[in-house]
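Heavy-atom basis, side chains included; hydrogens, waters and symmetry copies ignored.
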Amino acid sequence: MKIGLQVPRFSFPEGTAGIAPVLANIAGVADEAGFHSLWVMDHYFQIQGFGEPGDAMLEGYSTLAWLAASTLRIRLGTLATGVVYRYPGVLVKTATTLDVLSGGRSYFCIGAAWFEGEARAMGVPFPPMRDRFEMLEETLQIARQMWSDDDGPFRGRHYQLEQTLCRPRPLSRPHPPIMVAGTGERKTLRLVARYADACNMYGSVEVLASKLEVLKRHCDDAGRDFNSIELSSLGTVQLAAGQMTPKDVIALCRSLSKIGVQHAIFNMPDVHEIRPLEIFRREIIPAVQEL
C-alpha cells in the first residue's frame with residue numbers, strides 16, 4: 001500500500017513568516033520518510049473542520065510549486081481542485097507546468113466543487129450542481145485532449161477552445177494521472193469510470209466498500225477495467241496520547257487494503273511537529289508497504 005500525506009492547514013505556531021520554512025521541512029521529511037504523495041487543498045478560505053475561515057490558506061498550485069522545489073521523489077497534487085475556480089485550458093496548462101518542473105511527479109485531481117460561500121466571496125461564478133458536473137466532464141475531456149496529439153478545437157456546451165495546444169508536454173507518461181475526487185454514486189463515480197486513472201474517496205471502511213461496488217458497476221457499464229483505476233482514500237490520523245497508535249493506523253491500512261484501496265492518504269493535525277512523520281517512517285510505512 002502507498003501512503004500519502006495531505007496538509008490542509010497552514011496556521012502554524014511560527015506565524016505567517018514561518019509558513020514557507022515549516023512547510024518545506026514537512027515536505028522534506030515526508031519525502032525522506034517514504035510517503036508516496038503530498039497533497040494540499042485547493043481552497044482560498046479555510047474550511048470547517050480544519051479551522052476558521054480567517055485562518056491561513058495558501059493557493060494550491062503556487063504551494064505545490066514550492067513543494068516541488070523542496071522535494072525529490074514524492075508525488076504532488078491538489079485534493080481537490082474545484083472545477084469552477086479556473087478555466088480548464090488554463091488549469092491544464094498550470095498542471096502541466098507543475099508536472100514539468102517537478103520532474104513528472106504530479107497528479108491532476110479535480111472535482112465538481114462544493115464550497116459556494118467561498119466562490120461567492122471571491123467573485124467566482126457558482127453554477128447549479130448539474131452545470132458543475134457538466135463542466136467537470138468537459139474539463140476532463142479537455143485535459144485528455146490537451147495531453148494528446150490532437151491540438152484542434154474543443155466544442156462543448158460550457159467551454160469552447162479554438163486550439164488545445166499544450167507545450168511542453170508533461171513529463172508523466174502518457175500524462176499526469178487524472179484523479180476524480182468525491183463519492184457521489186450517480187455522477188462522480190460515473191466520471192471516474194469514464195475518464196479517471198485514479199479516484200479519491202472518504203468515509204468509513206464500510207462506506208468505502210459500498211462506494212467501490214458502485215464504481216465497479218459504472219466500470220462494467222462503461223466497458224472499463226475496474227482494476228486499471230488507482231483507488232485512494234482520505235482520512236485523518238492523530239498519533240498522540242489518548243488518540244491513535246501506530247498499531248491502529250496499521251490495522252486501518254489493512255482494512256482499507258482488504259476492500260481494494262491501494263493508496264491511503266492521511267492528514268495529521270500536528271504534522272508541523274514532525275514527530276508523526278517520523279513514526280510513519282519508522283513503524284507504519286514499512287509495515288504496510290507489502291499490503
Participant: Please determine whether salt bridge (Lys or Arg N to Asp or Glu O under 4.0 Å) holds for the pair R194 and D221, giving the CA-CA distance in whole Å, both sets of side-chain angles, and the decisive distance to 0.1 Å.
Facilitator: CA-CA 9 Å; R194 295 190 64 183; D221 292 341; over 6 Å; no
Participant: Can you tell me if W147 and T96 form a side-chain donor-acceptor pair at under 3.5 Å?
Facilitator: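 Yes, T96 and W147 have a side-chain donor paired with an acceptor closer than 3.5 Å.
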Participant: Can a side-chain donor-acceptor contact be found between E230 and H263 if the only test is distance below 3.5 angstrom?
Facilitator: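 There is such a pair between these side chains.
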Participant: Run through V7, I26, L277 and flag the one making a side chain to side chain contact (heavy atoms under 4.5 Å, CB included) with H272.
Facilitator: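 The single option meeting the side chain to side chain contact (heavy atoms under 4.5 Å, CB included) with H272 is I26.
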Participant: Does R275 CZ have over 12 foreign heavy atoms under 6.0 Å away?
Facilitator: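 No, because the 6.0 Å sphere around CZ of R275 holds 12 heavy atoms or fewer from other groups.
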Participant: Evaluate the side-chain proximity of T183 to V207: yes if any heavy-atom separation is below 4.5 Å, no if none is.
Facilitator: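 Contact flag for V207/T183 side chains = no.
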Participant: Using the side chain to side chain contact (heavy atoms under 4.5 Å, CB included) rule, pick out the option among L5, V22, V237, L239 that qualifies with V271.
Facilitator: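 Exactly one pass, corresponding to L5.
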Participant: Can E185 and R217 be said to form a salt bridge (Lys or Arg N to Asp or Glu O under 4.0 Å), step by step?
Facilitator: CA-CA 10 Å; E185 296 184 3; R217 293 197 293 271; 5.4 Å; no
Participant: With heavy-atom distances below 4.5 Å as the criterion, would you say the side chains of Y44 and F115 are in contact?
Facilitator: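 Answer no - side chains too far apart.
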Participant: Should we say atom CD of Q160 is surrounded by more than 12 heavy atoms from elsewhere, each under 6.0 Å from it?
Facilitator: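 Yes, the 6.0 Å shell around CD holds more than 12 heavy atoms from other groups.
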Participant: When clusters are formed by joining ILVMFWY residues with side-chain heavy atoms under 4.5 Å apart, either directly or through shared neighbours, do F154 and M135 land in the same one?
Facilitator: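 Yes, because F154 and M135 connect within a single hydrophobic cluster, where side-chain heavy atoms sit under 4.5 Å apart.
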Participant: Taking the side chain as C-beta and beyond, is there a heavy-atom pair between T245 and E283 under 4.5 Å?
Facilitator: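 Of all side-chain heavy-atom pairs linking E283 with T245, none is under 4.5 Å.
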